[in-house]
Structures are given as structure tokens and as C-alpha cells.
2 protein chains.
Amino acid sequence: MDDLFDDLDRSSPVPLYFQVARQIERAIELGKLPPGSRLENEIHLADRLGLSRPTMRRAIQQLVDKGLLVRKRGVGTQVVHGQVTRPVELTSLHDDLAANGQRPGTTVLVHEVVPAAGEVAARLAVPEGSPVLHLRRLRCSGEEPLAVLENWLPEPFTDIAEASLAERGLYQLLRSRGVGMRVARQRIGARRGTAEECQLLAEHRGSPLLTMERATHDDSGRAVEWGRHVYRASRYAFEVTLVDR
Amino acid sequence: MDDLFDDLDRSSPVPLYFQVARQIERAIELGKLPPGSRLENEIHLADRLGLSRPTMRRAIQQLVDKGLLVRKRGVGTQVVHGQVTRPVELTSLHDDLAANGQRPGTTVLVHEVVPAAGEVAARLAVPEGSPVLHLRRLRCSGEEPLAVLENWLPEPFTDIAEASLAERGLYQLLRSRGVGMRVARQRIGARRGTAEECQLLAEHRGSPLLTMERATHDDSGRAVEWGRHVYRASRYAFEVTLVDR
DNA sequence: GTCAAGCATATGTAAGGACAAAGGGACATG
DNA sequence: CATGTCCCTTTGTCCTTACATATGCTTGAC
């Protein structure tokens with residue numbers, strides 16, 4: 001129990017609270033902190049690690065936000081029961097697949113610059129008629145088609161090359177251009193696929209599909225991307241963790 | 001611009017950071033802080049309100065977590081563009097409907113105590129064979145059927161009366177019993193409805209439905225509830241806000 | 001005129017102290 | 001036996017201070 005923590009690296013650019021949070025997370029994953037077990041109290045922990053209480057609290061808070069720990073005043077901090085399911089981060093389907101060891105593939109169906117109109121202009125918060133890049137891609141996992149992704153991007157992203165989209169995910173491309181994506185609002189629903197969608201996705205006509213609309217904003221609050229995606233319900237589901245504070 | 005903030009109530013049990021966060025949120029809703037506008041810097045704000053910077057930071061952080069604000073080091077804090085959609089909190093469908101001015105109705109289809117088995121026991125983290133309350137309810141909005149809700153609850157909630165479920169939502173009932181729900185993990189997908197589901201929901205046979213599995217944990221990390229819900233895709237969708245930190 | 005260094009500005013990280021409030025158990029009291 | 005009170009533990013809130021670091025603009029050298 002005393003060797004739960006490795007030493008901290010105070011010279012590292014990685015914040016201390018983050019290092020501590022990762023170590024606790026690992027301890028939970030490795031079963032050193034089984035579900036339901038109580039952590040030492042904040043003061044002792046901070047003391048043992050040579051940290052201040054605020055820093056220790058911040059580390060714990062990060063895991064509370066992730067849904068791994070729960071705190072109760074006067075009682076302590078405990079590990080949540082139930083299997084750990086990795087909650088969705090701000091990632092794209094491409095990243096998710098790659099992280100799971102699958103081989104994501106992309107076919108670009110549409111790649112054109114068009115004037116923004118109607119809902120696209122509204123969602124991207126750009127004037128009607130301003131140029132936006134319109135994309136439509138078929139995303140596969142290995143040989144299996146998985147989703148049809150339709151996206152619109154405002155300036156200055158309208159120059160993204162078609163070739164670069166074949167190899168990398170949209171989020172990856174944006175990140176490599178220095179875009180810091182911060183907030184995404186998603187609306188998840190379901191509907192019957194159109195004849196064309198079902199054909200692309202190798203589903204029977206009229207199969208149920210999972211739909212997702214998403215607007216992503218960068219660290220200046222500007223809209224970076226708006227998209228309408230449809231997923232094969234037989235192969236895909238969204239996982240969400242909600243935390244009350 | 002100077003009268004953005006009312007006075008704070010330091011004698012109130014509502015934390016100061018929370019009071020400030022609510023005031024900023026209201027200012028955004030009322031358009032006093034339009035999308036893209038920059039807030040004063042933290043130090044000035046804290047100064048003007050007679051608060052310390054950590055407290056001010058915490059108020060801002062709360063709104064960043066909600067997806068209303070974005071911060072950039074060296075630059076400042078700005079209001080996110082795009083219409084504000086209230087993100088899902090840890091509430092039930094019943095609460096959501098009531099909050100939107102609709103009149104939620106419930107028909108209890110199944111209400112029985114059964115021994116936990118298989119997935120139910122695993123998800124609730126209780127031993128196989130221990131008693132659990134099994135519920136199946138049809139949830140309506142006004143006269144329209146909206147969802148079929150199937151839930152399992154472990155001890156000590158197996159004594160929830162059938163009559164109480166007709167009037168109030170499950171979350172409301174649990175809260176009134178002093179249960180502090182903290183973490184919920186959801187898995188959202190889609191599939192074709194069964195013949196029975198479609199009949200209950202007044203949909204055509206084989207209509208696409210939105211599915212949700214959810215496990216809710218209380219402030220001790222124990223499982224409070226596990227459920228499988230199906231929603232009419234034509235009337236319902238989930239909204240989720242993701243924030244990167 | 002162009003580019004780089006430097007400065008001002010803002011948020012990010014961290015320490016350390018103080019008091020408040022809730023939970024739970026021990027204990028006294030009815 | 002039940003119930004209320006006190007106390008201990010633990011998290012919640014709040015203040016003050018200091019330094020680190022990313023950004024964007026200005027200034028100065030070439």
C-alpha cells in the first residue's frame with residue numbers, strides 16, 4: 001500500500017497533479033485499488049507525496065470528473081464499482097479505431113469548396129455565401145464499411161487536400177495544423193438509412209442507422225467543423241460518462 | 001459593462017464560485033456577453049467582485065466544463081460561438097420532460113422482485129441470486145408514447161412501490177430517498193424495434209429505435225440502477241457536450 | 001523592409017493556511 | 001430501546017502569495 005506511488009518528476013513539464021492522477025488511475029486499472037476501496041485522506045496523501053493539499057485535490061478531482069472516483073464529505077474518497085469503460089474523449093472515429101488496434105480506411109466521396117448556405121452557415125457562424133469545404137467520406141475498419149461522414153469546414157481550412165484525408169483523420173489533420181479543439185456539441189439520434197447510405201455501408205435497405213450531428217469549436221470559441229455522420233448501428237455505439245458535481 | 005454582476009451573498013450557503021458562475025451564465029444567456037466576446041481577465045474580475053483569484057478561476061472553470069467558455073493562455077477567456085444548447089445533466093427522462101413544460105406520463109408494465117442473474121448481477125455488482133427490483137415502464141409525453149424503460153435496482157431499493165412510479169420519475173424517487181447519484185455510464189446505439197416495442201410505441205413494425213444502456217452509481221461508488229431503454233427515434237435524441245482539458 | 005528579440009498580458013501551476021460543514025460513531029439521556 | 005448530543009474525521013470553501021509559460025504586439029538591429 002505504501003508503494004502505490006512512484007516518485008514524482010518535478011522537473012518534468014507534465015503538471016504534478018496530472019502525474020499523480022495518472023498514477024492513481026494506473027493503480028485502479030492494475031487492481032491495486034479495487035472497486036469500493038477507500039483512498040487515504042487528502043492530507044495524508046499530499047503529505048506522503050510532498051505536495052500541497054490543493055494539488056492533491058486537483059489530481060483527485062480529475063479522476064472524479066472522469067467517473068473513476070467518488071467523494072463524500074466526512075467519509076472519504078472511494079473507487080467506483082463496475083467495469084471501467086473508457087469514456088469518449090474529444091477524438092474522431094479515426095483516432096478511436098487506430099487506438100483500438102484496428103486499421104481505419106477512408107474513401108473520399110466528395111471534396112469541394114462551396115458557398116455556405118442555410119444551416120451550414122448558421123452552425124459555423126460564418127456569413128452566408130462565404131466559402132466552406134464540403135467533405136463526404138466513407139470510413140471503414142479494415143474492409144468493413146462503418147460510417148458515412150459529411151463535414152463542412154470554414155476558412156482557413158478550405159485548402160485541406162483530398163489526398164491527405166485518405167491517410168489521416170480530420171481531427172488529426174486539424175491538430176497537426178495547430179488547431180486546439182476544445183468543445184464539441186453532439187446530437188445523437190437514429191433513423192432508417194437512405195438507399196444510397198445502405199448501399200455504401202453494405203446494409204440491407206432501410207436498416208436502422210445511428211446518426212450524429214456535431215459542431216466543434218477551437219480554443220478561441222470559433223467553429224472549426226460541423227458535421228452530420230451516420231454509423232452502422234450493428235457495428236457502432238457511443239459511450240458517454242456523466243458526472244454530477 | 002460594470003453592472004454585469006449583482007452583489008454576492010457571502011452569508012448564503014451557496015458557494016461564491018457557484019454564485020459567480022451563475023451570474024456569468026445568465027449574462028451570456030441575456031446577450032450581455034455575446035458569442036466571441038472576451039471576458040475581463042481573472043485578476044480584474046476577482047478584484048472587482050472582492051474575490052480571490054482561485055475562487056474566480058473556479059467559477060470560470062465551471063463554465064468552461066459546461067462548454068460555454070474557452071480559455072487560452074496569454075490571450076484570455078472568450079464566450080463560445082454557436083447557439084447554447086443545454087447539455088444533458090444527470091437527470092432522467094421524466095425530469096427532462098417536466099423541465100420542458102411537457103406532461104410526462106408513466107404506465108408500469110412490470111414491477112417484480114426477482115433474483116439477480118447474469119448481466120444484471122454483473123452490472124449492479126451484486127451476488128447472483130440476490131433480490132433485485134425489475135421494472136418495465138412505458139413513458140409518454142402527453143398522450144404520445146416516447147420510450148420503453150426497463151430497469152433493475154438492487155437492495156435497499158427493492159421496496160419501491162408501483163403506485164409511486166406512476167406519478168414520479170425513478171431519479172426523483174431515488175433522490176427523495178436521500179440517494180446522491182454521482183456517476184452514470186451510458187451506451188447509446190440503435191436497432192430495429194421488436195414487434196412488441198413498436199406496438200407499445202405506436203410505431204410501424206421494424207421502425208428504427210434509439211437504445212440506451214445506463215448504469216448509475218451513488219456517492220459511495222455503489223451501483224444504484226441499471227437499465228436498458230429504447231426511445232422512438234422520430235421523437236427523441238441525446239445531446240452531449242464534450243470538453244477537452 | 002524584414003526578422004528576431006524582448007516586453008506586457010493573460011492564464012497555468014503550486015504552496016500553505018484557515019475555517020465551515022457533513023457523516024458517523026460513541027455516549028448520555030429520555 | 002430509541003433518540004438526541006458531542007466529537008472526531010474528512011472533504012468543501014476561500015484567501016494570499018509566488019512563479020511559470022504561452023501569446024501577441026512592439027521595438028530595435030541588420
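Letters A, B, ... are given to chains in the order of the sequence lines, protein chains preceding strands, and every chain is numbered from 1. Only this structure's heavy atoms are used, side chains among them; waters, hydrogens and symmetry mates stay out. Computed from a predicted model, the values in this text were never measured in an experiment.
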Phosphate OP1/OP2 of [N]: any [X] side-chain N/O under 4.0 Å:
X       : N      : value
A/Tyr17 : C/dT13 : yes
A/Thr55 : C/dT13 : no
A/Arg57 : D/dG12 : yes
B/Thr77 : C/dT11 : yes
A/Arg53 : C/dG17 : no

Taking atom [atom2] of [N] as reference, at what distance in whole Å does atom [atom1] of [X] sit?
X       : N      : atom1 : atom2 : value
B/Ile60 : C/dT11 : CD1   : P     : 7 Å
B/Ile43 : D/dC15 : CD1   : P     : 14 Å
B/Arg71 : C/dT13 : CZ    : C1'   : 12 Å
B/Glu42 : D/dT16 : CD    : P     : 16 Å
A/His44 : D/dC8  : NE2   : P     : 16 Å
A/Leu69 : D/dG12 : CG    : P     : 12 Å
B/Arg10 : D/dC14 : CZ    : P     : 8 Å
B/Leu16 : C/dA20 : CG    : P     : 14 Å

Between the protein and nucleotides 25-27 of chain D, are there any N/O to N/O pairs under 3.5 Å, and if so, what are the atom names and distances?
none

Would you say the side-chain atoms of [X] and [Y] include a donor-acceptor pair closer than 3.5 Å?
X        : Y        : result
B/Lys66  : B/Thr241 : no
A/Asn151 : A/Arg214 : no
A/Arg137 : A/Thr106 : no
B/Glu150 : B/His134 : yes

Base, sugar-phosphate, or nothing for [X], non-hydrogen atoms under 4.0 angstrom?
X       : result
A/Pro54 : base
A/Pro13 : nothing
B/Gly50 : sugar-phosphate

Between A/Val70 and B/Asp219 the two heavy atoms that sit nearest each other are CG2-O, 3.5 Å
Measure across B/His81 and B/Gly36 and return the closest heavy-atom pair with its distance rounded to 0.1 Å.
CE1-CA, 3.6 Å
Hey, are [X] and [Y] close enough for a salt bridge, meaning a charged N less than 4.0 Å from a carboxylate O?
X        : Y        : answer
B/Glu213 : B/Arg187 : no
A/Glu42  : A/Arg53  : yes
B/Asp159 : B/Arg177 : yes

Are A/Leu174 and A/Val224 side-chain neighbours, meaning at least one heavy-atom pair lies under 4.5 Å?
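Yes, their side chains come closer than 4.5 Å.
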Let me know which of B/Arg228, B/Arg136, B/His229 forms a side-chain contact (heavy atoms from CB on, under 4.5 Å) with B/Leu149.
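When B/Arg228, B/Arg136, B/His229 are each tested with B/Leu149, the side-chain contact (heavy atoms from CB on, under 4.5 Å) holds only for B/His229.
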Run the numbers on A/Val120 and A/Val114 for side-chain contact (heavy atoms from CB on, under 4.5 Å), then give the verdict.
CA-CA 11 Å; A/Val120 172; A/Val114 297; over 6 Å; no
Any donor-acceptor N/O pair under 3.5 Å between D/dG12 base and B/Arg58 side chain:
no
Side chain of A/Arg38, base of D/dT11: donor and acceptor closer than 3.5 Å?
no
As a quick check of understanding, evaluate side-chain contact (heavy atoms from CB on, under 4.5 Å) for A/Arg71 and A/Gln61, giving each step before the final call.
CA-CA 9 Å; A/Arg71 300 208 260 202; A/Gln61 185 63 46; 2.4 Å; yes
Distances for protein N/O vs nucleotides 22-27 of chain C N/O pairs under 3.5 angstrom?
residue: C/dG23; atom: O4'; partner: A/Arg73; partner atom: O; Å: 3.3

Using atom names, set out every protein N or O paired with an N or O of nucleotides 4-7 of chain D below 3.5 Å, distance rounded to 0.1 Å.
none

Give the nucleotide from the list C/dA15, D/dC14, C/dA10 with an atom nearest to the side chain of B/Asn41.
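Output: C/dA10.
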